[in-house]
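The basis for the numbers below is simple: all heavy atoms, side chains too, and nothing from hydrogens, waters or symmetry mates. Counting begins at 1 with the first residue of the sequence.
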Amino acid sequence: MSSVVQGFTKSLAMTVLSEIGDKTFFAAAILAMRHPRKLVLSGCLSALIVMTILSALVGWAAPNLISRKWTHHITTFLFFGFGLWSLWDGFKDEGEAEELAEVEAKLNADWKTNRGTTKENSKDDDEIKKQKRPFLSQFFSPILLKAFSITFFGEWGDKSQLATIGLAADENPFGVVLGGILGQTLCTIAAVLGGKSLAAQISEKIVALSGGVLFIVFGIQSFLSTVDS
């Protein structure tokens, strides 16, 4: 039970500090300003839950493919690496502006393209367009699918995904999944309800430095457990 709690608390803290001010955080915030919040929340959150579960499964399977000793060493290295990366971002203090500008530029370009296409198409073509849509989009809202795809592929290979894999390889995967899902839920709800204003009030530098310290603490703990064993 203690291993589940430890995996849960580590995953929750890591997820919250990694996701606030992240690309997917700003993407959810901007999408929620232009589309119904329920659809954006459902799409973004479902993508993050799927990503968390997949990452935990990879981390859980890793010791079966590579020796436990090597997965532990790799996890320790990842924690120290991500810690230094976050500390560098915090001292550089340019991350939030760059992330927000990049996400806004991409979504604005996509938004203008979609609006132009909508104006050119007449209402008589709506039924034909609906029939030609991909199979899934006939049952799910295009907005929900858009939020899901942007979040899922934006999170793929991200620092938080790799950290979740490493954490699940070293801790109880069930606890890691629960903590990750709760953390993603809290961050996504915050982003959808007012992510841009919230990000403006929270110091990105403090979040990055706190995340860096947390990763390094995890790395030290992982290293010490290796020495003890």
Side-chain angles (χ1 to χ4, degrees), residues 11-56 82 85-86 89-90 94-115 118 134 136-137 139-165 176-208 210-211 214:
S11 182
L12 176 61
M14 179 203 70
T15 301
V16 171
L17 290 174
S18 297
E19 290 301 320
I20 292 180
D22 194 23
K23 286 182 181 179
T24 52
F25 181 90
F26 286 124
I30 296 170
L31 286 171
M33 295 176 189
R34 299 170 174 172
H35 304 293
R37 289 179 175 178
K38 289 182 179 179
L39 293 175
V40 174
L41 178 62
S42 299
C44 293
L45 191 54
S46 57
L48 291 169
I49 289 173
V50 170
M51 180 63 73
T52 300
I53 294 173
L54 287 176
S55 301
F82 290 148
W85 182 1
S86 295
D89 284 342
E94 296 175 356
E96 180 180 344
E98 291 178 354
E99 297 262 340
L100 179 57
E102 183 180 345
V103 173
E104 280 191 315
K106 287 182 179 179
L107 292 180
N108 281 335
D110 186 49
W111 177 255
K112 289 177 181 177
T113 301
N114 288 340
R115 286 187 65 185
T118 303
L136 283 176
S137 65
F139 296 91
F140 297 98
S141 164
I143 297 170
L144 188 149
L145 292 176
K146 179 180 180 180
F148 181 95
S149 59
I150 288 175
T151 304
F152 186 85
F153 292 109
E155 197 71 13
W156 191 266
D158 193 54
K159 179 170 58 178
S160 58
Q161 187 212 9
L162 297 176
T164 300
I165 293 173
V176 172
V177 169
L178 290 180
I181 289 176
L182 178 58
Q184 299 286 12
T185 301
L186 294 174
C187 290
T188 307
I189 290 175
V192 169
L193 293 180
K196 287 187 73 175
S197 59
L198 178 64
Q201 296 172 16
I202 297 175
S203 170
E204 177 70 13
K205 184 173 184 177
I206 292 176
V207 172
S210 299
L214 183 70

Report the distance from atom CG of L144 to atom CG of L31, rounding to the nearest 0.5 Å. 11.0 Å
Minimal non-hydrogen separation, S11 against V176, with atom names: OG-O, 2.7 Å
With sequence neighbours excluded, tell me which residues meet ring pair (Phe, Tyr, Trp, His ring centres under 6.0 Å) with F148. F152
How long is the straight-line distance from CG of L145 back to CD1 of I150, given to the nearest 0.5 Å? 11.0 Å
What are the two closest heavy atoms between S160 and M14, and how far apart are they? O-CE, 4.1 Å
Could you check if a side-chain atom of I181 sits within less than 4.5 angstrom of a side-chain atom of V177, using non-hydrogen atoms only? yes
What closest approach, in Å, do W156 and Q161 show between heavy atoms, and which atom pair accounts for it? C-OE1, 3.6 Å
One should read off an interatomic distance between F25 CZ and I30 CD1, to the nearest 0.5 angstrom, of 11.0 Å
Donor-acceptor pairs under 3.5 angstrom involving side-chain atoms of residues 37-50: please list them, not counting sequence neighbours.
residue	atom	partner	partner atom	Å
S42	OG	K38	O	2.7
S46	OG	S42	O	2.7
S46	OG	G43	O	2.9

For the residue pair V16 and C187, what are the closest heavy atoms and their distance? CA-SG, 3.8 Å
Report the residues that fulfil side chain to side chain donor-acceptor pair (under 3.5 Å) with S18, sequence neighbours left out, ordered by chain and then residue number. none
My understanding is that only residues two or more places apart in sequence, or in another chain, count here; which of them pass side chain to side chain donor-acceptor pair (under 3.5 Å) with Q184? none
